A.B. asks: 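My questions all concern the structure below.
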Amino acid sequence: MGKFTPNGRGRVAIPAVAAALMVAGSAVEAQAVEISFWTNLTTASQASVIQKQIAECTPAQPGLTVKFETVPFGAMYTKLLTSLRKGETPNIMNTIEGAVAFLQAKNALVPVTDVVDALGRNDFTASYVNAVVKNKEVWGVPDWALHQEVWYRKDLLDKAGLKVPQSWDDLLKVAKALTQPAADGKPAQFGFAMPMGRSLVAPQTYFQIFYSAGGTIFDPKTGEYSFGDQKEIAVKALKFMIDLYKAASPPASVEWSWAEYRTAFVKGQVAMTNEWGAVVQMAAEQNPEILKNFAVFPFPGPTADKKPAASLGGGYYYLVGKSSDEKVAASKKLLQCLYDSKRVADRANSRPIFAIPATKSAFNSATFQSNPVVQQFKPQLEIIFNEVMPTWYRYGMEAGLHPLTGQIEATSFIGDAIQNVALGKKSAEDAVNEMDDQLRFQVEMLTR
Amino acid sequence: MSSRMNSVAAAAVPPQSVSRRFRHWFANREAMTGLAFIAPAVLFLAVFVAYPVYEVLRLSLFYVDFATDQERFVGLSNFVQILRDAKFWVVARNTLIWTVFSLIGQFGVGLVAALCINQNVPGMKIIRTILLMPYVVPVIAIALFWRWMLDGSYGIVSAVLQSGGIIDAYQSPLAIPDGAMISVILANIWRGFPFVMISYWAALQGVPGEQYEAARVDGAGTWQEFRYVTLPHLWAITKVMLVLRLIWTVTFFDIVWLMTRGGPGGSTEHWPIWIYQETMGSFRFGTGAALAVMLAIGLIVFSVLYLLILNRTSRR
C-alpha cells in the first residue's frame, strides 16, 4: 500500500487549502447571527404585521435569523429583569417609553442615534425623539404615537347648542350641561368620564390636566425636580379633576380602568372622555352606528386665552440591546429596513387611530392615508397629529429619559392620593404633598 | 451516678472508633437504601424550599439596587422603614379584617353547606358537584364574574343595591372603600367555602348514627343533637382547617388584586399586595423580603400560640 507523501507543490497546496477552508468557515460563521426580538404588542393583528415585516427584511442579511417573541406588558418588567440578570437582554425590543428608560438606566441599551440620523431625524415628530434622549444620545427609534385628547359626541353637543370647550371652566359647564338624570325609561347620561383606576389610569388622567396647566415633574430645560415648586398648579389641577368627577362623571368611575370608561363612551353613557383613540375600534365592533358622531379636541388649558401647555402622551419605540458588535450591527440594519415609510404605516394601521405613525413620511404615505378608518377620521387625525402630538410629556420624562416613569406606572401612590380626594378622605393639598413626598423618595432612590 | 459514668465512657471513646462507626454505617446497605430514597425529597426541599427561604431572609437585611444589581447590607433598616411607613397600620388593619371575616364566612357557610349535603335526598350528588364549582373555577374567572356583577352600570348586584337605595344610582360597591372590602371578602367566602364544606362533610360521615339515636332516646332536639353530637365530632377537623385556611387566606393575593388592585384609595390593600407592590412595583426587593419575613413571623407566632392554647384546653 502506497503511502501518500505530498510533493513540493502539494506541500504548499495543502496548507493553502486548509487556510482557505478556515477563512471560508469563519466567513460563514460571521454571517450566521441569531438575534432576539421582543414586542409588547401581543394581539395577533399587531404581532403578525411585525413578524411579516421581519420575514421581508431578513433576506437582506444572509445568515440572520430572528427569534420573535411577544411579551405581555404586565409581565414585561419581570421578564426584563430576569433576562438582564442572565445577560440575555433582547437584541431588539418594541415597547413603550417607560421601558426605554428602565433599560437605559440598567445600562442595557446601545444608542440608536445613528439609526435615527440615517433615517432622517427631521422625519420624526420631534417630541417623540426628545422623550428618549439622554446624555445627547437617542435610546429608542420612535415607531408610533400614543396620544391623549378629549373624545366627544358631536351630535350631543350640537343638539344642546354647545361649543367645543376652550378652557377648564368651559369644559365643566359643557360636561354639566350634558349630564342628565335617567328619565322616561332612558338611562342617565353623564357629561364626562373621569376614570381614576388605582394603577396607571388615575395618573394618566391627572397628568393630562396637570400638563395642560403647564406643570411638570422635572423642569424640561434644566432637568431639575420641579413638582415641589409647582404645588399650586398641582392642587388646582387636582381640584378641577375632582370637580369634573363630582359634577359630570358616573360615581363608580373612581375605580374605573380603560375598559369601563371606553365601554361607557361607546355605549352612549358618557358624552366626553379623555382617551387614546381606542374607542374607535371598540365602537366599530360593538356599536358602529355611533362612530359617525365621534370627534376630538385637545384637552383645554385652564384659560381660553392660552393653548394647553402640553398633554400626556407616549409612544412605542424600537430599542437595541447591548450585545456583540455583529448582533448590534444586524439589529440596526434590520431596524432600518423596518422603518421604510410603508412598513411604519402598516404597523400603525394594525390598530388604526390608536396608533399614529411617529414619522411624517409614514403619516403622509398613501398606505396610511388610504386606510378606511384613517379616512373616516381624517379631521380628527389632523388635530391629533398637529395639535396634540407635538407637545406631550410622560410623567417623569419631561427632560428626557428617566426611570421615574416606570416607577410611577408600577406603583399606586398617585392613584391612592387621587382616589382618596375623590372619596373625601383627603384634601387636594394633602394629596399633592403626599405625591411630592413619594416622588422625591422615588427620585432619590433611583439616583442613589 | 450512672449518667456521670456514661459521660466518662463517652469521653473515653477514641476518635478512630467514631470514624469506624461511620464507615460501618455507610457499609450498611439498608441505611444506604434509605438514604437513597429520601435523597430526592431532601434535594427538592433544599432547592425549592430551604434556599428560597434563606434568600428571602438574607434579602430582608439588604438594600438591593435594581439598576445596578448591587447589594448593600442595611441590617434591620428595611423592617424599621416598614414600621414607620404610614401604610403599615392601614395594611395591617385591612389584612386582619380580610382574614377574620373571610374565615368566619367560609367556616359558617361551609358548615351549613356540609350539613345540607349530608342529607340523603334525590339529586344530592348533583348539588354536591355544583357546590364544589367555585373552588375549581380559575380565580381570574371568579374575579371577572364578580366585577361584572358589581359593575355600577350593568351589574346585577349593584342594580339591586341601587334600587334598594343602599348605594347611589350608577354607583358600584367596588368604588366605595367599605363596599370594596365587603365585596372582596364575599368573593373569597364564595370561592373558599367548598373546601370547608367537603372537609366537614367527610367528618360528618364518621359520626356514628348510634350517638344520634341515643341522644334522641334521651330527648334531645335537633339543636341539642347538633350541639352535643355533631359539633364535638367536627372539632378535630376544625382545628387543622383553621390553621390551614388562615395561612391560605392571609397570603391569598389573586382575588383582591384582580378585583380592586387594592383600591379604592388603598382600602383593600392587604399584606400580599403590599409585598407585590414593593417587590415588583417599586423593585425594592429588600423591603419586599422584609414584609414577607414579617408576615411569616406573624403566622408562626399565631400558629404556635394557637397550638399552645389548644393543648392547654384539651388537657383540661
Side-chain angles (χ1 to χ4, degrees), chain A residues 75 77-78 81 84-85 102 104-107 181-182 187-188 190 196-202 249-257 259-260 263-264 267 269-270 403 406-413 415-426 431 434 437-438 441-442 445-448, chain B residues 63-70 72 81 85-87 90-91 144 147-148 150-155 158-159 161-162 167-180 183 257-269 273-274 276-287:
Chain A
Y77 285 107
T78 320
L81 269 180
L84 290 172
R85 279 173 185 268
F102 174 82
Q104 199 278 331
K106 296 280 293 176
N107 198 23
F190 292 89
M196 296 181 215
R198 193 182 189 217
S199 305
L200 288 165
V201 181
S249 188
S253 62
V254 75
E255 63 94 38
W256 275 8
S257 187
E260 286 87 1
T263 306
K267 300 276 182 197
Q269 192 191 3
V270 296
Q407 294 291 100
I408 291 175
E409 297 195 332
T411 54
S412 59
F413 64 90
D416 282 349
I418 293 169
Q419 284 185 333
N420 278 321
V421 180
L423 294 167
K425 289 165 77 179
K426 241 178 215 150
E434 200 178 289
D437 288 346
Q438 278 292 327
F441 174 73
Q442 300 283 350
M445 195 190 75
L446 290 165
T447 50
R448 198 181 280 171
Chain B
Y63 168 79
V64 185
D65 185 341
F66 83 91
T68 58
D69 284 344
Q70 285 179 344
R72 184 161 40 88
Q81 189 191 318
D85 197 313
K87 261 167 89 167
V90 178
V91 175
L144 289 174
R147 271 198 71 85
W148 177 58
L150 296 164
D151 185 278
S153 304
Y154 312 104
S158 294
L161 295 173
Q162 287 163 11
I167 58 173
D168 292 340
Y170 297 94
Q171 181 60 286
S172 162
L174 294 175
I176 306 164
D178 291 343
S183 302
W257 182 252
L258 292 167
M259 280 180 69
T260 65
R261 291 275 193 277
S267 58
T268 55
E269 181 166 346
I273 289 185
W274 196 9
Y276 178 77
Q277 296 260 35
E278 284 295 326
T279 313
M280 299 319 297
S282 302
F283 298 117
R284 288 193 285 253
F285 300 117
T287 320

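Because only heavy atoms are used, hydrogens play no part in the values below, and waters and symmetry mates are left out as well, while side chains stay in. Labels below follow one simple rule: chain letters A, B, ... track the order of the sequence lines, proteins then strands, and each chain is numbered from 1. Remember, predicted model here, so these are calculated numbers, not experimental data.
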A.B. asks: Which heavy atom in A:T411 sits nearest to a heavy atom in B:Q277, and how many Å separate them?
C.D. replies: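 It is CA-OE1, 3.9 Å.
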
A.B. asks: Find the one option among A:A410, A:P181, A:P251 whose heavy-atom pairs under 4.5 Å with chain B are most numerous.
C.D. replies: A:P251

A.B. asks: Take atom CG in B:D178; do more than 12 heavy atoms of anything else shown fall under 6.0 Å from it?
C.D. replies: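 Not buried by this count: 12 neighbours or fewer within 6.0 Å.
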
A.B. asks: Quick check on B:A86 against chain A: is it the side chain, the backbone, both or neither that has a heavy atom closer than 4.5 Å?
C.D. replies: neither

A.B. asks: Closest approach of A:A252 and B:G152, non-hydrogen atoms and distance?
C.D. replies: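 The answer is CB-CA, 4.4 Å.
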
A.B. asks: Could you walk me through whether B:K87 and A:F413 pass the side-chain contact (heavy atoms from CB on, under 4.5 Å) check?
C.D. replies: CA-CA 11 Å; B:K87 261 167 89 167; A:F413 64 90; over 6 Å; no

A.B. asks: If you compare all heavy atoms of A:L423 against all heavy atoms of B:G265, which two are closest, and at what distance to 0.1 Å?
C.D. replies: CD1-N, 4.5 Å

A.B. asks: Is it the case that the side chain of A:R198 and the backbone of B:R261 share a donor-acceptor pair, with hydrogens and angles ignored and the cut-off at 3.5 Å?
C.D. replies: yes

A.B. asks: If I measure from the heavy atoms of chain B, does A:S199 come under 4.5 Å with its side chain, its backbone, both, or neither?
C.D. replies: side chain

A.B. asks: Which atoms of B:E269 are under 4.5 Å from chain A, going by heavy atoms: the side chain, the backbone, both sets, or neither?
C.D. replies: side chain

A.B. asks: Any donor-acceptor pair under 3.5 Å linking the side chain of A:Y77 with the backbone of B:F283?
C.D. replies: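 It does not hold such a pair.
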
A.B. asks: Can you tell me which portion of A:K426 sits under 4.5 Å from chain B's heavy atoms? Options are side chain, backbone, both or neither.
C.D. replies: neither

A.B. asks: Given heavy-atom pairs under 4.5 angstrom as the criterion, report whether the side chain, backbone, both or neither of A:A422 touches chain B.
C.D. replies: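 No part of A:A422 comes within 4.5 Å of chain B.
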
A.B. asks: Report which part of A:E409 has an atom under 4.5 Å of a heavy atom belonging to chain B: side chain, backbone, both, or neither.
C.D. replies: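 Answer is neither: A:E409 stays 4.5 Å or more from chain B.
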
A.B. asks: With only heavy atoms counted, which part of A:S412 is less than 4.5 Å from chain B, the side chain, the backbone, both or neither?
C.D. replies: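 For A:S412, the contact with chain B is made by backbone and side chain together.
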
A.B. asks: From A:K267 NZ over to B:S153 OG, what is the distance, rounded to the nearest 0.5 angstrom?
C.D. replies: 11.5 Å

A.B. asks: Of all heavy-atom pairs between A:E255 and B:L174, which one has the smallest distance, and what is that distance?
C.D. replies: CG-O, 3.6 Å

